[in-house]
Each structure stands twice: as C-alpha cells, then as structure tokens.
Amino acid sequence: MSKHISSLAPSVVVDTAAARVAVSQLIGRISLRARGDLAAVGNAIGVALPTKIGTCAKADGIEVACLGPDEWTLLVSLNQIEKVEDALAALYPSLPHSMTEVTGREVTFTIEGPQAVDLLSIATPRDIASIKVGEARRTLFDGATVVLWRDAETSFRMDVWNSFAPFLATTLETGAKELAAELA
Amino acid sequence: MIQIHCPYCGETLPELEFAYAGEAHIERPLSPSEQSDEQWAEFLFLRENVKGPHFERWRHLHGCGRFFNAVRNTITDRFYITYKAGEPRPDLATLLEEDK
Amino acid sequence: MSKYRLRGRGRVDSSKPVVFTFDGKPYTGLKGDTVASALLAHGVHLMGRSFKYHRPRGAIAAGSEEPNALIGTRRGPGRFEPNTRATVQEIWEGLETTSQNKFPSLKWDVGAVNDAAYMMFSAGFYYKTFMWPRSFWDKVYEPFIRAAAGLGVSPTEEDPDTYASRYSYCDLLIVGAGPAGIAAAREAAGKGLSVILVDENPEMGGTLLSEPQSKINGKAAWNWLEDELAALQAAGVKLMTRTTAIGYYHENLIALVEKLTDHLPTLPEDTPRERMWRVRAKQVVLAQGALEKPMVFHGNDRPGVMLAGSAQTFLNRYGVKVGNTPAVVTSHDSAWYAAFDLQDAGAFVQAIIDTRAQVRQDLQDEARARGIPVKLSHTVTATGGRLRVNNVRVNPVSGGTNVGAGQWIKCDALLMSGGWTPSLHLFSHTKGSLTWDDDLTTFLPKDTPEDCVITGASRGLWGVEAALRDGAARVGEALAKLGIGSSASEYSVEDDRTGSGVMMRELPTDRSPGKAKAFVDFQNDVTAKDLRLAVREGMRSIEHVKRYTTNGMATDQGKMSNINGLNIAADALGKKQPQVGLTTFRPPYTPTTFGAFAGYHRGEHFEVVRKTQIDAWAEEHGAVYEPVGQWRRARYFPKAGETMDQAVTRECAATRASVGIFDASTLGKIEVVGPDAAEFINRMYTNPFLKLAPGKCRYGLLLGDDGFIRDDGVIARVEEDRFHVTTTTGGAARVLNMMEDYLQTEWPDLNVWLTSTTEQWSTVALNGPNAAKLLAPFVEGIELTEEAFPHMSCVNCTVAGYPARLWRVSFTGEIGFEVNVPAPYGRDLWEKLWEAGQQYDITPYGTETMHVLRAEKGYIIVGQDTDGTVTPADAGMDWAVGKKKADFVGMRGLARPDLVAPNRKQLVGLLTEDNSWLEEGAQIVFDPKQPIPMKMVGHVTSSYNQGTTGRPIALALVEGGHSKMGETVYIPMPDRTIAAKITGTVFFDPENSRLKI
C-alpha cells in the first residue's frame, strides 16, 4: 500500500538517531495579501506584520511569516480562525486586501534532530544556513514548493500542499535512515 | 546551475527556485484593438535573439512569486543586474562598464 | 605469497589476505589492493581486449586514467557493472570480476581477426565503409555496427542499489589531496572556514603515496602525511575520500560523486552506493596533479607495457613489482626514478632507453652505480610477446631521425614515460583559458572566470616541495578573497624528485609508418597513423581530427591520448600546438553511473506524484490509475474480471441511470479576491463576468493573447469581491502563472490578489438523476431544488457537518453537484456519500468515464480537443466570447488575419458508417482515392465506444468542418479506410433536459 498522509492523523514518518520527522496536527492557516497601511492590518490581527521577506512575528497565538512583498501566512489555532477572519473582514472596506483560508491546503512536517539540516540538504538546493532561527522561507524540497520555518538550530517545520506530502515523506524517510546509517 | 539575485527577497539563490519568463520590457499595448495586424504580430511573436547581454524576465516561482527583470549574458550566463518589474530599463553601456 | 609481491612494502595490509576471482579463477590479494595491483602481484598483466581490434591489453596506469584494464564486477544478482577500471576497483572478499570484449576467452579471442585486418580499419573507417551501397545499410552495416558496438556488456537486471544526493555550501573546496591540496588545506584549516578536501582515491596523499622516499620538513613522507591528515581532521576540515569531482559548473558549483560501498565486502543497511554532492564553494582550489603521457611506438599497447610512474605506484603503494626484468623507455627524468626504485626492490632493470642525447649526470651516475645499462639517443621500434611483452627492439638515433640497426632486448615489462601533462579537466570546465608553454611543451592554465585557483603539478610544477609551497601560497589568494589573511607555510623536502624532459611525437622508427601500430588512444584503438591519415584526408581542426579518428572520445576522455594526439596532428598540419588548439574537456571527469545522477529519483520515487485526500479510498477500492500532470488519478474502478471497456461502460451507464461519484479534487482552483476581482477576471476570460451575481457560476474560456484556447473552467462569484476560479487539472500551475504575469506586470494597478486553493479543497462530484436526492439530506442552508438552487449556482453552506462551497454544475449532462470541503475532510465526506448512496446503487467513476460522458455532451477537453491552435470559433464556442467587451486576453488576437480565414480546422462530431471505433489521433481525408501522399484535413481528437448512446462517438478537427454537416470524410488506417459522417458535437440530450431536478 502506498503512502497517504492526512493532517487529521498526526503520525511519525521516521525517527532515527539522525532526525525525527512527524506530521503535525491540523492548524489554522490564512494567506493574507495586502498593500498600503500594514499597521492597520497589524492592529486588526494583533501582531505587527513583518515586512522583510523571510522574517516572522509571533504574538497572541498568531504566528506570521512574510513570504512576498505583499504576502503573509498567518498560523492560528483552529478556534481562532473566525476571530482573525472577522477582524480582517472589518478592515476590508478601509483597506481592501485578500484573506484566504488555506487551513486544509497544507500538511506540516516537523523535522528535528542533530542531522536535521543535513536531512533538508538532500533535496533543498538553497543553503539552509541562510535561514536564521526564527525565520521562514518559501523554497523547494525534492521538486515541491515548501515553506520552511526554522524554529531552532536543528528544528524545522516544513509546510507543503497536502498532495505532495506522501512523496516528500518518502524522501524524508529515506534520508533520515541514510543519515542514521552514516552516524553508525 | 547558476545563482540568481531576487530583487524582492534580497537574496542570491539557486536557479532551481526560479523560472525563466522570456524577454523583458515588452509591454502589452493599452488598447490592443487599435493595433494593426503588423503591430500585434510584432507584440506577440517578434523577440530579440541576443548573443551577449539580454534583457529578460525571471520569476521567483518557488520563493516570493514575483516576476522581475534581469540583464544576463547569453554566452556566459553571467547576470549583470536584476531589478524589480516596472523599474526602468538600465543603461547597458553603464552596466558593462561597471562590470569590468 | 604471490610471485611479484614484496612483503611488507607499500600501504597494503599483508596480514589481511583477500580472495577474489578474475574470469572465474580465484586470486589472493591484500587488503588495500586494487584488482589491478592484486593481479599484477600474480604476474597477470593480460586484463582485457581492446574495443576495435580486440588486441590483448593490460593495465597501463595505476589510477582512474586507465584506458585498458576495464573489467566487469559482480556482487550477486543484479549487481553487475561493466567497464570498471581494474586500477580503481578495490578488492574485497568474494568480489567477482571478469574481463571484457573477448570470445570465447581472454587468451583466445575470435574478434582479434579485426587486428589482422588493421589496414582496413583505419581512420574514418566507419564513415567510408558504411556509406555505400546505400541498400546495405539496414541489413548489413547497421547490424554489424550494433553487434560490434559497446564496451563490455550491459547489465540485464534492474540495479538493486540505492543512490543519494546532497547539496552543500562551503567556503573552500579543495580538489585533490596530494601535496599541493594538503598544503592548501593546512593554510585554510582552523580559520573558522568550512573547508572540504576531496580525493578520488581510497586514501589521501596523491603522489606521496608513490614516493615514500622523500622527507618533508625532516619527517618521512608517510609520517608527515599521517600527521597532516590528523591535523586537518582535528581542525574540522571535511575529508572526503573515494570522492571524484566530476564537473565544475557555473559559479563554483562542483559535482562530486562519493562512492560509499563498492569497496565493502558486505553492504550496510540504508547506505546508498553512491552519493552525488552538489557543492557550492565560495572559493575552489584545484590540485589535481598531472597525468603521465605514454610514448607512441609500434607495440606500445602490449600487456606489460605501462607508464613508468604507474609502475612506481604499484611498487611503492601496493608492494608489487610489475616485472622482474623490466626495461624503461623515456624522454623524461621521472622514469629514471622508477627504474631505480625497481632495481632497489630486487628487479633487474634491463636498460634505460632515453630518446634524449643529454640527460642529467646525477641520474646517469645513479644508474651506473646500480648497474643499469643506459642507452641515450635511442628509440624503441617494436615490442614482442603474444599476451605479454617479452622483448623490446631498441635502435640508436642520430640527427633526430636517422634510425640505426635494431637490437632486441629481453624484458618482462616495459615502462614508458613521455613526460607529464597537467590535469586541466576541471579547470577547462570553468571555461578557463590555457596557454602553451614551450619549455614544458604542454598547455598550462591561464585565466578562469570562476573564483578558483589552480596549484601544484596542475600548473606544471614538478616535485613535492614545489607542490607544497605552491599549494600553501596559492590558497592565500583564495583566502584573501574570503577576507582571511595568511602567510604561506615554509616547506623543505629532502630526496625530492624533480625533473624535466622533452616532448616526443611518435618515436623515430625504421619501419614503414603505414604499418606501425603505435597507439595514441588505447581504448578506442587510435594509432598515430590514423591521426596523420585524418590530416591527409583534409581534417584541419583538432575537433574534426578527434571525431574522424575517435581519438580521445573513449570513456577515459582522452586523459592519455589528447596531448599526444595534438602533438602528432600539429606536426602533420605543420603548425604549432597552440594554433591547432586542444579539444574541449567536458564533464564528467571519470565515467559516472546513471544512479549517481538519478539519486533518489528512481522506481516509484522517479518523479513527484501528487495524491488527493480521497486517493487512499480509490486505492482500497481497486482503482486503476493514470497520471494527469503530476497527479495520479483514478482512471476507472474495475470489478472482478472486468476489462477497462467493461468497467467504463458500466460506470457511464450507472451514472446516467442513477448517480455516480467522482473525485474532482485535482481541478485547479484559484481564489481571486479584491475590489478589482471582477474586472480582472473579465479581462482574463473571454466571457463577460462584470455582471455575474454573487452565488452564480459561469463557464470561462481562457485564451492567450494570440487568440488560441489555453484553458477553461467554471468560475463562481462567491462574494462581490471574491471569485473561485477553476482550471483544468494539468493547467492549474500554468494558468496561475499566466494570471500572475498579467497582474504583476501589465495591470499592477488592479487591486486584486490571487491565491492557489487547489489543495484547500477536496472536491466531490455527484452526477446523475439521483444526485440531488442523495445529497439533499446532508446539506444545511440551501434547498436543492430547481428554484432555490438552479444549475450554475454556488453557495457557502454545510455539507455533512463540514463547511462547504457547494456548486451546481455538470460536466456530464446530468444533474450535477460539486461539493468542496476543506481538503482533509474530503475522504470522510466521500465515505458518507458513498454509504448513503448505496440505496441508489452509487457508482464511483474515474477519469475515463468522465471523458466519455462529457464527450457525449460535446464538452471539450483543453489539450485533447484543442492543441494550442484552436480558437473559440474553431471549437464552436463563439457563444463563450463576450461580444461587447472592450478587451480581454486574446481578443485582439482573434482578429488576426489567419484566425478569421476560411477553412480553418473546426471541431465537429464524427459517426462512423460501420459503427467502428476510431483511433484518437487518426488522420482524416476528404477523398480516399487520391494518390499518396494524401492531403490530410484534420484528425480525431476524442473517440469512445463505452458510452450510453449505443454507438461509438468521436470528436474531430476538420477543415471547414462546421459547413460540412452530414458530409462523409475518410479515415485511412493501415488495414482499411473508415468512412464517417460529420455531425454536431452533441450526441446526447441536446435539449439539456436532464440537467433539471
């Protein structure tokens, strides 16, 4: 039976001495696009929008990453989605923007362990070292577009559209085992 | 595999994150219906085929998603500059001079 | 103990015997041996047959440049690899190796008849011989060439090994761990830089491994080496052995292939066989050393004739004498040292034959002291011996060309050295320029556009001390660019072996040059005669000479042959070498497995496969899949024993009879939001969208600005400023890219944003007369009646407890709904509908049934019924084009002269007269009796015989088809010609009566 992955069923993909990869629980996600008075947006959602691409901000249960000059991803708990959406909707007449819920779109892998960076480097062309702790980037992993969040030196989250998740899980599993064999 | 500087992200990144998007500074006429057949054919089909510095577009597809412009030498693959969409066409002579 | 092994000598472990086989016969070598060194220890020189003439060949070198000793290696089922260099393959207990290009045996080979016909197989043989008569090509020449072609035997089984890849970024990459590379690494170590030092050999040291006599800074070479490597390791330098830098690409990207398991007796779990590293280094130091040149004389390919430096390597590194009574022929000082080492190791060197009249006195003195006969101003004109050299013909030369009488000298090995060629392969990959050095008679590196320095023997420096000093100094330039100051360490070396020599082309001979078999390219069997013939026949460019003769085109990439070939061609052309130029070196440096390039991408992991959240259900229910773009989609759901036709026929009938359920999640979806959303969509699509009311859907046709159909889909206005656009499955990424392009670069003033929501939603489609009845009980917030929720409506509601975007649309001609729920809930929704649907005999259907049902209704599939040259009018879809719009993408294009010309190919229906099924792609003619070649007027785009109309139907693009209704066209097939009548494209329910609830 081939691999299938759903964020409704968190699971461990692979756990070796090199790295542990797991599928995270479903979390609320909003793709926000806006221009102009970003401070007003920040006030509405309760966290100032970071404006440098790749940087993140966190407050009040909301985590924000700036992914483009007018693009942010907001992570909120599932029961907070409506509150954030309402706040943004109230802002819309004065500051038109695009708020699109994409909670179901993605699967998040957590990737952690001493060789987490090496594991990412098996299929990420960019230099992982250029993503500082606390930052996030949209990039590539094994041919799929992903958003990579660096939570600590050896701890990452990788968001990917759910249809790609089984394929990437296989890559991550192969890599984690290979790296563990290298340590042994 | 070359590396490309994204003028929006401010980072120089592997080519694999980018997609080529054809020649730069070709504007879609504001009133297409007023274009003659010849003018429209030129807009659609006629492109430079430069051996040397070439004005072209790229998109940071697996990144910020922005289209931007670049001047790249088609012989060496060397990028002289990348700049945001909408910014004026840089002077080629100055670019080549600076590159020396 | 084997005959030629010197116990305790070299770097092999004499306490660890290793048994392997060669052509079925077991041999005992020592841990650390290569196949070549282990065979040589047993006096086995014959290791293979050459490619063209099947001449017996032995190892000529000791490293990766070896052109001759190519063997097959086997490790159990599936693990067979041809063309492995015996000089590189390390032995391990149980390794099976075989020789190549021989039949029936290595010693008696039938193909060697080619050798007897040497005069026939000269340069350009293939081009000349196989040109004429033309009629011979298919039946005679091609089979002959195919049978003769190829080195070794391809493996027949799938490779069970795994391969890996890794991206890496570092400050400094040093290629080659000889004295220059190690000295460079030492300067860079401990300065806070990330430094990688790679070497293709199992251990680092390069030439030091073959020259243990030298003392570096007072320390014995091997002790120095051990200490240095330990120090590098301690300083955090990444040391990679068995790792070949195969290519140098733009902006300091170097590809490394690391071999991980080929040397191991047992394969460790989860360990790939090879790993491709893509290293982006800020600075690169190339320290790849130099390659020894063979000498070109008649019989220079006989087993036992080998490079002097390689003989020295076999002796000092592996403890193997390549012969007991060797002779040496040279034009360079370095071979004298090989003679001395062998003599000191107990061999009896028969003669040192040097083409030069003048040789350093100290070398002559040392030879005399050892009792080695020296012949200056002498040439070699032949060798003897059948499968191994047993004598050499030596002639005096005067005045450079006057060759005196020959004398045969007995020997069991002949060591040759024509001097050394800097290894410039990677430097050349950088598009680095070369400069000809008259003193060294070789090309040296000049400028490179990359951030790279080249050091040591690679730039023509000779001797360990020079290499060490240069490595330490040159890396300083790289370090300075990294902002690190350094002062080169000092090195002094005792017993260093510096030297010089002269360049020779073919050695002078008293034979007729036309009969001499003096090999230049050993692997491709190219002789000096071939090169001169090529020039006589008009080849002027070195690139032409190369291709005409195949010199340097073998798997060794001309490592040995290029420079000799150039010298000879230049002489034949009467030009200097730099005027003739060098052929281009291209990656890979050494032959590389496909596995290393593929990495993880093989078998099921060959390319990205996307799966919907409902895919698992389909898999559990026996779906047969087809790839659509990157997606795998359920094509049909066969019941036990059903063929595809039977399954699809059943699915079609069941859907029209009651209700079918279909996973439409792969459809592209784009959320278009902002005050200018309607304006943007109105500009992108042909149809008018400004007045579409929220809660309504409209079909949209997307053109390119050239006027041709690019994509289509249903677009829903969810709210005033929010549209939900759907695209074809395969077109999703392309359409979003196109929209972003127009939005970002043509209309940046529009206040609207695009977000891909393809994967936000699982989309479950229900179609059939019972679709509404099945769905209604699950829906909260809207009545599924004709009045409350007519065809082409959309609503945000709750379905099965999940927030949903419910659409009433139909791609089948039946009552249809598409239920969009957040993706992860898709499977649960599907299962609930499936369970409740049992009362209606609900049937899951796949893409094939979807295709049939839509074709019956004449709905096009973009990319199947269109091919990038079809306009809306061609497709009979003028109705979808807003006539009153000021502009939309493609509007101006539609008015282009060619697009309004008469007789364009137009989409029509076809019904065959004999009720037979047409093949998709089949060409159409008006007159089947016209002479061949017939005028083709169109082709079949869609054709099905599993539908519900009781007969096969087809769609086709036919010239002027719209005005030919009822006329007959013909489809010529290999066995017969099929007649078909042109009809409209709607085959089923033309009144759309079935869409009503």
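These figures come from a predicted structure and were not determined experimentally.
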(request) Check whether C:Q630 gets within reach of chain A through its side chain, its backbone, both or neither, counting any heavy atom under 4.5 Å. (result) side chain
(request) Sort C:P268 into side chain, backbone, both or neither according to what part of it lies under 4.5 angstrom from a heavy atom of chain A. (result) neither
(request) Tell me, for C:R280 versus chain A, whether the close heavy atoms (under 4.5 Å) come from the side chain, the backbone, both or neither. (result) neither
(message) Checking an interface table here. Which of residues 143-156 of chain A come within a heavy-atom distance under 4.5 Å of chain C?
(response) A:G143
(request) Look at C:E269 together with A:K177 and state whether they make a salt bridge at an N to O cut-off of under 4.0 Å. (result) no
(request) Answer yes if the side chains of C:E671 and A:T100 hold a donor-acceptor pair under 3.5 Å, and no otherwise. (result) no
(message) Given heavy-atom pairs under 4.5 angstrom as the criterion, report whether the side chain, backbone, both or neither of C:L260 touches chain A.
(response) neither
(message) How long is the straight-line distance from CD of C:Q760 back to CZ of A:R29, given to the nearest 0.5 Å?
(response) 10.0 Å
(request) Measure C:S665 against the heavy atoms of chain A and call it side chain, backbone, both or neither at under 4.5 Å. (result) neither
(request) State the OG-CH2 distance between A:S121 and C:W277, to the nearest 0.5 angstrom. (result) 6.5 Å
(message) Looking at A:E182 and C:R166, is there a salt bridge between them, counting it only when a charged N and a carboxylate O are closer than 4.0 Å?
(response) yes
(request) To the nearest 0.5 angstrom, please state how far the OH atom of C:Y825 sits from the CG atom of A:L8. (result) 6.0 Å
(request) Let me know if C:V752 has heavy atoms under 4.5 Å from chain A in its side chain, its backbone, both or neither. (result) backbone
(request) Go through the atoms of C:R722 and report whether side chain, backbone, both or neither lie under 4.5 Å from a heavy atom of chain A. (result) side chain
